[in-house]
There are 2 protein chains.
Amino acid sequence: MGRAQQQTLTQGEHHPVPRPDQLLLPPSSLSPRSHSSFPPGEDRTAEPVHHQPTATRVAMAQPGRGRDPELFAELWRACAGPLVEVPQRGERVFYFLQGHLEQLQEPTDSALLAEQIKMFQVPYKILCKVVNVELKAEAETDEVYAQITLQPESDQDNLPLICDPILPETPRPVVHTFCKILTPSDTSTHGGFSVLRRHANECLPPLDMAMPTPTQEIISKDLHGSEWRFKHIYRGQPRRHLLTTGWSTFVTSKKLMAGDAFVYLRSETGEQRVGVRRLVQKQSTMPASVISSQSMHLGVLASASHARKTNSIFVVYYRPRLSQSQYIVSVNKYLQASKTGFTVGMRFRMNFEAEDVPVKK
Amino acid sequence: MGRAQQQTLTQGEHHPVPRPDQLLLPPSSLSPRSHSSFPPGEDRTAEPVHHQPTATRVAMAQPGRGRDPELFAELWRACAGPLVEVPQRGERVFYFLQGHLEQLQEPTDSALLAEQIKMFQVPYKILCKVVNVELKAEAETDEVYAQITLQPESDQDNLPLICDPILPETPRPVVHTFCKILTPSDTSTHGGFSVLRRHANECLPPLDMAMPTPTQEIISKDLHGSEWRFKHIYRGQPRRHLLTTGWSTFVTSKKLMAGDAFVYLRSETGEQRVGVRRLVQKQSTMPASVISSQSMHLGVLASASHARKTNSIFVVYYRPRLSQSQYIVSVNKYLQASKTGFTVGMRFRMNFEAEDVPVKK
DNA sequence: TTGTCGGCTTAGCGCCGACAA
DNA sequence: TTGTCGGCGCTAAGCCGACAA
C-alpha cells in the first residue's frame with residue numbers, strides 16, 4: 001500500500017466530441033472576414049456546423065419539461081474533468097471497501113477499524129453489478145458526484161478471469177465546450193470575464209460582426225437548472241471577447257476564486273450550460289454534527305456487509321473531485337491493470353488538472 | 001407514540017444569573033441622570049455590579065491563550081435558548097435509539113429499519129454514563145450542538161428505580177446577556193440595528209452620557225472565536241441606542257433574516273460575545289453526497305449495538321435546535337416524568353421561542 | 001419606546017479603453 | 001493575445017433625524 005502511483009486509466013476513453021484545443025485554427029481567423037449579416041460563423045474552421053434558423057434553434061432549446069438529461073450528463077462530465085470516469089449501468093465492477101472508507105474524511109483509529117472489518121466479515125473486494133448510476137451535484141458547492149447503486153453478485157468465489165463483454169456505449173450529443181481557469185482579474189469586482197479568443201470562436205454563439213460593438217445575451221443553466229445570464233460583448237482596443245453584466249453575480253453566488261475554472265457548453269441545438277470546476281475542494285462539506293466518523297465508518301461497513309450477505313442492493317456516493325482513490329473499478333479495467341503488472345489491490349489514482357489541455361491521439 | 005405532547009422539562013432549571021427581563025426598572029431610567037464622567041452606569045438598577053478600573057478589566061478580558069471556556073459555554077447556552085438542556089458529565093442517562101435515528105433526516109423505509117434493528121439486537125433504550133460533553137457550533141451556520149460521549153452501563157437489566165445522587169452544579173459566571181428578534185429594519189441594508197433601551201442599559205458597556213452623541217466601539221467574538229466590531233451610538237430624536245458600522249457585515253456573513261435573533265453577552269470582566277439564534281433551521285446542512293441515508297442509519301445502529309455489547313464508549317451529536325425529540329434523557333428526569341404519569345417511552349418535546357421572555361419564579 | 005421611512009452622502013461596483021507582457 | 005490598471009459614472013449601502021405606532 002502506502003503511496004500510490006500517479007497513474008491514469010483513461011487510455012481507453014475516446015471523446016466523441018472534438019475539443020476546441022484539438023482543432024487547428026488559422027492565426028488570422030480573428031479578423032471579421034465575413035460581413036454577411038446574421039449569422040456569420042465562417043470562422044469556425046473544421047467544426048461540425050449544422051446551421052439552423054435561429055427561431056427553430058431557440059424553440060428546440062426549450063424542451064417541454066425540465067432539463068435535457070443528455071446535455072446534463074455532458075455538463076456534468078465537463079465539470080468533472082476529462083479524466084473522471086464513472087462506471088456504466090449494467091457493467092460489473094469491483095467494490096473496494098477500504099477505498100470507500102478512505103473517501104470519508106477524518107479516518108478513525110485504524111486498529112479499531114480493522115477489528116470492525118473483521119467483525120463484519122466483509123471481504124476485501126466485492127464483485128457487483130452496477131444497477132443504477134445517477135449523476136448529481138452538491139447544491140451548496142456544485143461539486144459533482146455520482147450516486148451508484150450496486151448489487152453484489154451471488155458468486156463471489158469464482159471471480160472473473162476474462163473480460164466481460166463490452167457494453168454498447170450510449171451515443172453522446174455533439175457539444176462545443178471550454179473550460180478556463182479564472183485569473184485574479186476574472187474574479188475581482190473590478191471587471192468582467194475575459195473570454196479567450198479561441199473559446200469564443202469555437203464555442204460561443206457567433207456575434208454579428210457587422211455591428212460596431214457586437215453584443216448578445218448568453219442565457220444558460222447550471223447543473224441545478226438555475227438560469228444565468230451574461231452580456232457577451234466584443235470590444236476594446238485591441239478587440240476581445242468579454243462577459244460583463246451578470247458575471248459578477250455568478251462569481252459571488254458560486255463563491256469562485258482565482259484558480260477555479262469556468263465551464264461553458266453549447267449544444268448543437270443552441271442550448272447553453274455553465275458550471276464550475278474548483279481548484280481546491282471547499283472544506284468541510286460535511287458538517288461535523290450529524291453523526292460521528294466512527295458511526296459513519298460503521299455504516300459503510302454494515303451496508304456493504306449486509307448487501308453482500310443478502311445479495312441486496314446498496315448505495316454509494318462517488319465523488320471524483322474529492323478523493324483520488326477510485327474505489328469502484330470495472331472488471332475489465334481491473335483485469336487489464338492486473339495484466340500490465342500493477343499490484344493487485346492497489347489504489348487507482350489519477351491526475352487532476354483544472355483546465356482541459358490538448359491530448360495527443 | 002404518535003404526536004408527542006408539548007411539554008417542557010425545565011422546571012428544575014435555575015438560572016443563577018438574573019436575566020434582564022426579570023429585573024424591574026423604573027420607566028424613567030433612560031434619562032441620563034448621572035453626569036459624572038466615566039463610567040456612569042448608575043442606570044443599572046438591581047444589577048450585580050462590581051466596578052473595576054477599566055484598565056484592569058481590559059487586561060482580564062484577554063487571557064493568555066484562546067477563548068475562555070466558561071464564557072464560551074455561557075454564549076453557547078444563550079444561543080441555544082433557555083429551554084435547551086444538555087446532560088451533565090458524570091450523570092447517568094437513557095439513550096433512546098429510535099429518537100436518535102429520528103434526528104437524522106431522510107428516514108429510510110421503516111420496515112427495513114425495523115428489520116435491521118432486530119438484526120442488530122439493539123435494546124429499546126440503553127442506560128449510559130455520560131463520559132464527556134463538548135459544546136460546539138457548526139462552522140457554516142453557527143448551529144449549536146453537543147458532542148456527547150456515552151458509555152453503556154454493564155448492568156442493563158436492573159434499571160434504576162430511584163433517582164441517582166444529584167451532581168454538584170458547576171458554578172457559572174455572572175454575565176449580562178440579551179437576545180433580540182431581528183426586525184425587517186434590523187436586517188435591511190438600509191440601516192443598522194436598533195438596540196432596545198432595556199438591553200442597552202442592562203448589558204452593553206455604559207456610554208459616556210456627557211458627550212453630545214455618546215459613542216463607543218463594541219469588540220466581541222462569536223462561538224468560533226472570530227472577532228466582530230460594532231459602532232454603538234446613542235443618537236436620534238428621541239434618543240435611542242443603535243449598532244451601526246459593522247452591523248451589516250455581521251448580518252451578511254451570518255446570513256441573518258428578519259425573525260432570526262441576535263445574541264449578545266458581556267461578562268463581569270468586560271469580555272463581550274455575540275451569536276445568533278435562527279428562526280428556522282438552514283436547510284440541508286448535510287450534503288447528500290457523503291454516505292447514503294441507509295448507511296447513516298446503519299452506522300448509528302451499529303455504533304450503539306457495538307458499544308452496548310462491549311460496554312465501550314460511543315459518540316453521538318445532540319442538536320437541540322434541529323430536532324424536537326430529545327433522545328438522551330437523564331435518569332432522574334426520566335423517573336420524574338414516569339412518576340408524573342407520562343407514557344414511558346414517549347418522546348420528549350419542548351417549545352422553542354426565539355426571544356427570551358421573562359419567566360415567573 | 002422603537003420600527004420604518006425619506007433624505008442625503010459616499011464607497012465601491014462595474015463598464016470603458018490604455019497599455020504592456 | 002489577454003491580464004491588469006486608471007478613469008469614471010452610477011447604483012446601492014449606510015448614516016441621519018422625522019414621524020408615528
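What's counted below: heavy atoms across the whole structure, side chains too, no hydrogens, waters or symmetry copies. Here is the naming used below: chain letters follow the sequence lines, and residue numbers restart at 1 for every chain.
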- Message: Run the salt bridge (Lys or Arg N to Asp or Glu O under 4.0 Å) test on A:Glu143 and A:Arg321 for me, step by step, so that the C-alpha distance in whole Å, both residues' side-chain angles and the decisive distance to 0.1 Å come before the verdict.
- Response: CA-CA 7 Å; A:Glu143 182 191 348; A:Arg321 307 284 315 162; over 6 Å; no

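Checking D:dA20, D:dT4, C:dC19 against the side-chain heavy atoms of B:Pro238 singles out D:dA20 as nearest. Comparing D:dA18, C:dT2, D:dT2 by their closest approach to the side chain of A:Arg197 singles out D:dT2. Comparing D:dC16, C:dC16, C:dT2 by their nearest atom to the side chain of B:Ser194 picks out C:dT2.
Under the side chain to side chain donor-acceptor pair (under 3.5 Å) criterion, B:Trp76 pairs with no residue, sequence neighbours left out.
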- Output field dot_bracket for DNA chain C (Watson-Crick or G-U, both distances under 3.5 Å, | for other-strand pairs) contains |||||||||||||||||||||

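In this entry the distance linking CD1 of A:Ile181 with C1' of D:dG3 reads 14 Å, nearest Å. When the C1' atom of D:dG14 is taken as reference, atom CG of B:Asp186 falls 14 Å away, rounded to whole Å. Rounded to a whole Å, the CZ atom of B:Phe193 is 19 Å from the C1' atom of D:dA13.
At a non-hydrogen distance threshold of 4.0 Å, A:Arg240 from residues 240-252 of chain A come into contact with DNA chain D.
With a 4.5 Å cut-off on side-chain heavy atoms, B:Arg266 and B:His176 count as touching.
With hydrogens and angles ignored, a donor-acceptor pair under 3.5 angstrom links the side chain of B:His190 to the base of C:dG6.
Between B:Asp260 and B:Lys254 there is no salt bridge, since no side-chain N of the basic residue sits under 4.0 Å from a carboxylate O of the acidic one.
For C:dG12, the OP1/OP2 oxygens have no side-chain nitrogen or oxygen of A:Thr189 closer than 4.0 Å. When the side-chain nitrogen and oxygen atoms of B:Arg235 are compared with OP1 and OP2 of D:dC16, one or more of them lie within a distance under 4.0 Å. The side chain of A:Thr183 contributes an N or O atom lying less than 4.0 Å from OP1 or OP2 of D:dT4.
Using a 4.0 Å heavy-atom criterion, one finds that B:Pro184 contacts the sugar-phosphate atoms exclusively.
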